[in-house]
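This one's a predicted model, so the numbers in the text were calculated from it and none came from an experiment.
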Amino acid sequence: MTKDELIRKLAGITAEQFIDSELLGRRPWIFASDESFNDWRNSVARKVTSLPSKIFVVGSAATGYSLSPVKLARPFRKFSMTAQNASDIDVAIAD
């Protein structure tokens, strides 16, 4: 998803629809090219004694862009040895 696509989606649907389709209903952006999301999700679920279907990545790690009103659509900043303000990865457990 591009920055412009994110902004159009936010303007074109309700908050609930956005959450269902872009945060909870698809593989998170940080796992977009990696099949390990299900393994990671299963591992977290085991550690917190929950179901994998209740473990979610939310925020910029889920979409690739910040959802904060003060930094809306700022790209996710990956960690590197020179990065000072890398983005965090927010995990939600709905149980």
Side-chain angles (χ1 to χ4, degrees):
M1 173 180 344
T2 67
K3 177 180 176 178
D4 291 335
E5 288 170 337
L6 172 65
I7 292 170
R8 278 195 302 276
K9 283 184 185 231
L10 286 169
I13 58 177
T14 67
E16 291 81 8
Q17 290 170 322
F18 181 83
I19 290 166
D20 285 343
S21 66
E22 301 303 320
L23 293 181
L24 307 180
R26 69 181 184 92
R27 186 186 335 206
W29 175 83
I30 58 169
F31 287 99
S33 62
D34 187 347
E35 295 296 323
S36 66
F37 175 59
N38 288 333
D39 293 338
W40 172 85
R41 196 178 207 190
N42 289 330
S43 176
V44 172
R46 278 192 304 276
K47 294 288 185 188
V48 299
T49 60
S50 185
L51 297 172
S53 62
K54 304 288 187 177
I55 309 297
F56 302 96
V57 173
V58 296
S60 61
T63 63
Y65 298 94
S66 176
L67 302 174
S68 167
V70 296
K71 46 189 173 177
L72 185 61
R74 181 177 71 192
F76 183 87
R77 295 174 298 185
K78 293 182 180 180
F79 176 78
S80 72
M81 297 308 280
T82 59
Q84 292 183 338
N85 295 314
S87 296
D88 62 354
I89 298 173
D90 301 304
V91 176
I93 302 169
D95 201 19

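Residue Val91 shares its hydrophobic cluster (ILVMFWY side chains chained together at separations under 4.5 Å) with Trp29, Ile30, Phe31, Phe37, Trp40, Val44, Val48, Ile55, Val57, Phe76, Ile89, Ile93.
Hydrophobic clustering places Ile13 together with Ile19 (ILVMFWY residues linked when any side-chain heavy atoms are closer than 4.5 Å, directly or through intermediates). Both Val58 and Leu72 are members of a single hydrophobic cluster when ILVMFWY side chains are connected at heavy-atom separations under 4.5 Å.
Every residue meeting the side-chain hydrogen bond (donor to acceptor under 3.5 Å, both in side chains) condition with Asp34, not counting sequence neighbours, appears here in chain and number order: Ser36. With sequence neighbours excluded, no residue forms a side-chain hydrogen bond (donor to acceptor under 3.5 Å, both in side chains) with Arg77.
When each of Lys9, Gln17, Glu5 is paired with Glu22, the side-chain contact (heavy atoms from CB on, under 4.5 Å) condition holds for Lys9 and for no other.
With values rounded to the nearest 0.5 angstrom, Asn42 atom CG is found 10.0 Å from Ser53 atom OG. A distance of 7.0 Å separates NZ in Lys71 from OG in Ser87, rounded to the nearest 0.5 Å.
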Would you please test Asp20 and Arg26 for side chain to side chain contact (heavy atoms under 4.5 Å, CB included) and show each step? CA-CA 9 Å; Asp20 285 343; Arg26 69 181 184 92; over 6 Å; no
Step by step, would you call Arg27 with Glu35 a side chain to side chain contact (heavy atoms under 4.5 Å, CB included)? CA-CA 9 Å; Arg27 186 186 335 206; Glu35 295 296 323; 3.4 Å; yes
Using the side chain to side chain contact (heavy atoms under 4.5 Å, CB included) rule, take Leu23 and Phe56 through it: C-alpha gap first, then chi angles, then the decisive distance, then the call. CA-CA 8 Å; Leu23 293 181; Phe56 302 96; over 6 Å; no
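Counting heavy atoms from C-beta outward, Ser60 and Tyr65 have side chains that stay 4.5 Å or more apart.
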